[in-house]
> 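Just dropping this structure here.
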Amino acid sequence: MPSPCPPALPTPRHRDRPRAVWTVRAVWAVPGGWTLALGLWGLSRQNSVWRDEAATWQVARRSTGDILRLLENIDAVHGLYYLLMHGLFSRFGPGTTVLRLPSVLAMTVAAICVASLGNRLAGPWAGLGGGLGFGLLPAVQFHLQEGRPYALVAAGAGISTLLLVTAVQDRAGQNRAGRGRGRRPALWVAYGGTVLVCGLLNWLSLMILPAHLATLIWARAARPIRVRWAMAATGAVAGVLPLILFTRTQSDQVSWIPPLAWHMLIGPAILLAIGALGALLDRPRTGRLSAASVGLPLLAIPQLGLVGLSLIQPLFLDRYVLFSLVGLALLIGAAIGAAVRAARPRFPRASRMILPVVMGVATAALTPQLLAKRSPDSRVDDVLAVADDIRELARDGDAVLYIPAARRDTRLVSPGSFAGLRDIALAQGPMESGTLKGVEKSPQRIGAAMLAQDRILLVTDAGEPAPRLSTQRDRMKTCVLREHFTATADRQTRGRRVTVYARVDAPHDGPPRTAKDC
């Protein structure tokens, strides 16, 4: 017998639940797919590798023992990253895809974190706008396809910030519901571990901790939250501190960074202005967690902190605080979300077009940048291109020299192109010496070896060598070439130069005693 009462209709809340689930999924899936697609587009950069990536390439191909020996002398700050890339090269083989794909995936994770943060703090439009906008930022585009650790640090910044927000909101929700401890301990362990890994990849990323502290103060987080944050932060700093102290003994490797100048502050000033505008549109208020309270400290404190450190020791390179752009993207998303909310009451249909129009205009405006970042000319040089020139110009038995010695990276990345050539300045190879470029002979011995040659190939930078980088060994090389050889061929390709020199005089009794004697 049928029931006299009709079945109860689902409440609007129940009907909307699947739609809400799909909305949340779209908020992170669309920016994630967008950033991944941008990263895979032109990933090989026309089969080019520049000098910084060449360092990753040649170190990753060494054994674990050789990498650890290298880190005792130089680049300990990148030790964890080199070991990670060594594992990937050992498993999949060296190549531009393996070199850069970790950065693509890391930036994809960072975009997903931005989208999730925006959705949690300012709604789905803010999440979509921030996640999509993150992938278009020029600095993100550069490091999206870079075989270096900075994209991984950006992903860690996104993950740790999302964990912090989740822990704070989880605590607030439990307090309202009267529940117990819930999942907070696991969240704080994950938070501390993520910050630790970021610090081991680049210890300047620890500036994310004062940014997060500013967020907690702004949001007036409860004392238990602040205590747990302090415990997690202390553990992360303690884990990174030995690396910080050790890498201070290798500070000479950043001695090339120029002192801070006023023109260097233009970029950070523009970023901070954009971030401040986004924060104002989000209508920030103290005492609550918002896109402004999370994004503005994350953007401003690392930028200003790097400026402050650079007044003590020149360190101002924007890639060191690339992770702060997670905060910028979050603020951009908040501004888009605020615009949608403002327009919705009067123009409900038009409000839905704000994000597509903004993204369309931004993509069109930045398309030249997108194309340029995927060109070999976007980097200062190309190690692989000059290896092709060597292969065409060299003859068996020729000698080869490098000015500066760091340009030996071409041979280390493409050893096959240098088959049959003798490196007459090298006393001890990079792996044997535990260095990136090897150890060269004394200037007198280099001069003697050069005077015993009929043909020498010189690999150097395009244009003239910078005087401030010139060493006594390099001056000896230049002097002997000028006095006893003549250039017979010269090629410049993508920031590198190969010149063939032929002997023009008869051998004499010995080399000049110093470069000045030339």
Side-chain angles (χ1 to χ4, degrees), residues 110 113-114 116-118 120-122 130 134 137 139-140 150 152-169 187-188 190-221 225-237 240 244 267-269 271-276 278-279 282 284 286-310 315-334:
C113 289
V114 170
S116 298
L117 286 165
R120 280 173 172 266
L121 300 171
F134 178 80
L137 294 174
V140 171
Y150 306 108
L152 278 68
V153 176
I159 293 171
S160 62
T161 304
L162 184 58
L163 288 168
L164 178 77
V165 169
T166 302
V168 173
Q169 291 182 335
L187 287 174
W188 288 115
Y191 172 83
T194 303
V195 175
L196 172 62
V197 172
C198 286
L200 294 176
L201 288 169
N202 174 14
W203 56 260
L204 286 172
S205 69
L206 290 180
M207 285 191 287
I208 199 172
L209 291 175
H212 286 168
L213 177 59
T215 293
L216 295 179
I217 294 172
W218 188 337
R220 295 178 183 172
I225 290 290
R226 299 198 303 271
V227 169
R228 287 178 172 83
W229 174 86
M231 294 173 60
T234 300
V237 173
V240 180
I244 297 175
L271 294 179
L272 293 176
I274 296 173
D282 189 50
T286 57
R288 73 180 182 93
L289 207 57
S290 65
S293 66
V294 174
L296 192 57
L298 184 55
L299 169 64
I301 290 179
Q303 295 282 342
L304 297 176
L306 184 61
V307 170
L309 288 175
S310 298
L315 282 174
F316 195 82
L317 293 176
D318 57 0
R319 60 178 177 257
Y320 291 164
V321 289
L322 177 74
F323 62 90
S324 68
L325 297 186
V326 170
L328 176 64
L330 180 58
L331 293 169
I332 291 173

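Computation of the quantities below employed the complete heavy-atom set of this structure, encompassing side-chain atoms and omitting hydrogens, waters and symmetry-equivalent molecules.
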> About how many Å separate CG of Leu163 and NE2 of His212, when rounded to the nearest 0.5 Å?
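These two atoms lie 9.5 Å from each other.
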> Using every non-hydrogen atom in the two residues, find where Pro302 and Val321 come nearest and quote the distance to one decimal.
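That closest heavy-atom pairing would be O-CG1, 3.5 Å.
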> Side chain of Ser205, backbone of Cys198: donor and acceptor closer than 3.5 Å?
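Between the backbone of Cys198 and the side chain of Ser205 there is a qualifying donor-acceptor contact (under 3.5 Å).
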> Of all heavy-atom pairs between Ala292 and Trp218, which one has the smallest distance, and what is that distance?
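Minimum heavy-atom separation between Ala292 and Trp218: O-CZ3, 3.6 Å.
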> Got a second to check how far Leu117's CG is from Leu162's CG, nearest 0.5 Å?
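Reported value, rounded in 0.5 Å steps: 5.0 Å.
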> side-chain contact (heavy atoms from CB on, under 4.5 Å) for Val326 and Leu330? Distances and angles first, verdict last.
CA-CA 6 Å; Val326 170; Leu330 180 58; 5.7 Å; no
> Nearest heavy-atom pair of Leu209 and Trp229: which atoms, and what distance?
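Scanning both residues, the minimum pair turns out to be O-CZ2, 3.2 Å.
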> Side chains of Met207 and Leu304, heavy atoms from C-beta outward: is any pair under 4.5 Å?
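Contact flag for Met207/Leu304 side chains = no.
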> Under 4.5 Å between any side-chain heavy atoms of Ile208 and Thr161, yes or no?
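Contact flag for Ile208/Thr161 side chains = yes.
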> What pair of heavy atoms forms the shortest contact from Phe316 to Pro268, and how long is it?
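Heavy-atom minimum between the residues: CZ-CG, 3.4 Å.
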> Do you know which two heavy atoms are closest between Pro297 and Thr215, and how far apart they sit?
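Smallest heavy-atom distance, with atoms named: CG-OG1, 3.8 Å.
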> Taking all atoms of both residues into account, what is the closest heavy-atom pair of Arg226 and Ala221, and its distance?
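Scanning both residues completely, I find the closest heavy atoms to be NH1-O, 2.6 Å.
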> To the closest 0.5 Å, what do you measure between CG (Leu164) and CD1 (Ile159)?
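So the gap between those two atoms works out to 14.0 Å.
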> Side chains of Tyr150 and Phe323, heavy atoms from C-beta outward: is any pair under 4.5 Å?
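Tyr150 does not reach Phe323 side chain to side chain.
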> Once rounded to the nearest 0.5 Å, what's the spacing between atom CD1 of Ile274 and atom CG of Leu331?
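Ile274 CD1 to Leu331 CG: 10.5 Å, rounded to 0.5 Å.
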> Is there side-chain contact between Leu121 and Ser290, with at least one heavy-atom pair below 4.5 Å?
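Not touching, per the 4.5 Å side-chain cut-off.
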> For a 4.5 angstrom cut-off between non-hydrogen side-chain atoms, does Leu325 reach Leu271?
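The answer is yes; the side chains approach within 4.5 Å.
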> Rounded to the nearest 0.5 Å, what's the gap from CD1 on Ile301 to CG on Leu306? Could you check?
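Between atom CD1 of Ile301 and atom CG of Leu306 there are 13.5 Å.
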> Using atom types as modelled and distance alone, determine if a side-chain donor or acceptor of Ser293 lies under 3.5 Å from a backbone N or O of Leu289.
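Judged by distance alone, no pair lies under 3.5 Å.
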